[in-house]
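A short worksheet on the structure shown next.
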Amino acid sequence: MAKQTHRIGILGSGNIFGRYVTGLARFPELRIVRVGDIDVDRAKQAAEEHSVPAWGDDAELYADDTVDILVNLTPPVHHARTVVTALEAGKHVYVEKPLATTVEEGRSTLAAAARTGRLLGSAPDTFLGSASQTLRKAVDSGAIGDPIGASAFIGHSKAETWHPNPAFLFQEGGGPVMDMGPYYVAILVNALGPVRSVAAASRIGAPLRTVTAPERTVDTIEVTVPTHAAAVLTFASGVIGTTQMSFDVWDTDLPAVEIYGTEGTLSLPNPNHFDGDVRLRRHGAADWTVLEPAVELFGAVGTREQARRGLGVRDLANAVEGGPHRADATFALHVLEALCAVEDASRSGRAVHLDTTCERPEPRYSA
Ligand SMILES: NC(=O)c1ccc[n+]([C@@H]2O[C@H](COP(=O)([O-])OP(=O)(O)OC[C@H]3O[C@@H](n4cnc5c(N)ncnc54)[C@H](O)[C@@H]3O)[C@@H](O)[C@H]2O)c1
């Protein structure tokens, strides 16, 4: 738990901004002191709406010496460049997912962190939540015996129906693989360890998307990245993961994440959320058992609160004080490489062997 006050500056005041403000408000040691956006009017409006004391453009945020931690909520194509700028301005940085849009760019952000001696953390942080930690505890305690396989099915977030400008979700850095894939792969890597190789096929579904969100600023989007992908992830441990990541599957009854072992099956709720029931069914058991959460809940399940964000920022603040850094850039880079490999494998028709690896982050529960 962080002890000192950390002064937070938020870069990017778009759709997700409010969910960070309400999520960070849970941690009195994290104080938002400034918001910066290339759209200064938007920064001003966000500051006024959420009582943030200072606002301005991006340059003013980088230059603000009162900011210790910069939380980067810009769209993915801007991540690498803005992360490097913020690190070079002397800030510790937490960036939304994905860390960057290519592995090379991702590596450049880690290099900048090493060069400047600042810490770099990245979403997804939902693996720090109660559901993923409960899953990890169950796997580690042998509840399903030896893990053999896993499945992850990502349905459509239907962003066209609620995001004012979801164009970035259908263009470079977006698509279901880069937008939703990070949550699922992070939770699998946290539970099962690093990925060794990826084989995949992907395609664009509908090439033009119609936006129906009530507050939309665009009516249609030209799709330039695959919106439907199937991939086989082979983990270094030998576990074989089957995944479907799609913005073309609007409705499905497939489970979000399951892990299959020699002695049982674990079933997880949507990894986009921190909390929810984790269920275990041992071979031969008459029914599923809902496991006790291994750590405290972050949101209230089934309410808007569940969508709040901020655990990863607190994780970074703890690390600044010398604690373990779990949602760190090494972990995020490995997740990014696994996801970039989906497209590479699909294009080449060959399995891609990953260059990066990572340790499983330290669990949050006490054993
Ligand atoms: N919207 C969601 O539900 C959601 C959920 C989880 C994660 N995320 C992630 O959060 C990030 C932002 O998503 P969003 O939906 O809020 O996007 P958005 O497009 O609604 O907002 C992005 C904001 O960043 C600003 N911006 C763009 N380039 C900038 C730059 N170089 N410097 C400063 N400001 C800049 C834009 O003006 C805009 O206000 C993305 O990485 C996304 O993957 C979004």
Give a yes or no on whether [X] and [Y] share a hydrophobic cluster (residues Ile, Leu, Val, Met, Phe, Trp, Tyr; joining criterion: side-chain heavy atoms under 4.5 Å apart).
X    : Y    : result
V225 : I154 : no
V232 : V239 : no
I240 : L339 : no
L110 : V93  : yes

Any side-chain heavy-atom pair of [X] and [Y] under 4.5 Å:
X    : Y    : value
V67  : R7   : no
D58  : D37  : no
E343 : S202 : yes
T265 : I259 : no
L266 : R279 : no
T220 : R209 : no
E29  : Q4   : no
L268 : I187 : yes

Might you point out which heavy atoms bring P293 and T134 nearest each other, and give the distance in Å? CA-OG1, 3.4 Å

Measuring from atom [atom1] of [X] to atom [atom2] of [Y], what distance do you get when rounded to the nearest 0.5 angstrom?
X    : Y    : atom1 : atom2 : answer
I32  : I10  : CD1   : CD1   : 4.0 Å
L333 : T357 : CG    : OG1   : 11.0 Å
Y184 : S151 : OH    : OG    : 11.0 Å
F235 : L192 : CZ    : CG    : 5.0 Å
T262 : I144 : OG1   : CD1   : 7.5 Å
L354 : L233 : CG    : CG    : 8.0 Å

Whether [Y] and [X] form a salt bridge (side-chain N of Lys/Arg under 4.0 Å from carboxylate O of Asp/Glu) is what I want to check.
X    : Y    : answer
K97  : D179 : yes
K44  : D39  : no
R364 : E296 : yes
R115 : E88  : yes

Taking [X] for its side chain and [Y] for its backbone only, find out whether a donor-acceptor pair lies under 3.5 Å.
X    : Y    : value
K158 : W250 : yes
R34  : G9   : no
R136 : N190 : yes
D315 : A327 : yes
R216 : A213 : yes
W162 : S157 : yes
T126 : P271 : yes
H92  : R118 : no
S132 : G129 : no

Working note: F168 + H163, criterion ring-ring contact (aromatic ring centres under 6.0 Å, His included); need CA distance, chi angles, decisive distance, verdict. CA-CA 11 Å; F168 76 90; H163 198 298; 5.6 Å; yes

Between [X] and [Y], is any side-chain donor less than 3.5 angstrom from a side-chain acceptor?
X    : Y    : value
E105 : H79  : no
T356 : H334 : yes
S108 : E104 : no

V342 vs M245, test: side chain to side chain contact (heavy atoms under 4.5 Å, CB included). Steps then yes/no. CA-CA 10 Å; V342 172; M245 309 181 222; 4.1 Å; yes

[X], [atom1] atom: more than 12 neighbouring heavy atoms under 6.0 Å:
X    : atom1 : result
E258 : CD    : yes
R203 : CZ    : no
E263 : CD    : yes
R31  : CZ    : no

With a 6.0 Å cut-off on ring centres, are F17 and H50 close enough? yes

Sub-6.0 Å ring centroid separation between F331 and F127: yes

Pick from [options]: which one makes a side chain to side chain contact (heavy atoms under 4.5 Å, CB included) with [X]?
X    : options            : value
V95  : V83, T82, L73, V71 : V83
F274 : V295, L297, D125   : D125
K91  : L119, L70, L11     : L70

Could you tell me how the ring of H156 sits relative to the ring of F170: parallel (under 30°), tilted (30 to 60°) or perpendicular (over 60°)?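 Correct class here is perpendicular.
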
So Y20 and Y94, would you call those rings parallel, tilted or perpendicular, with 30° and 60° as cut-offs? tilted

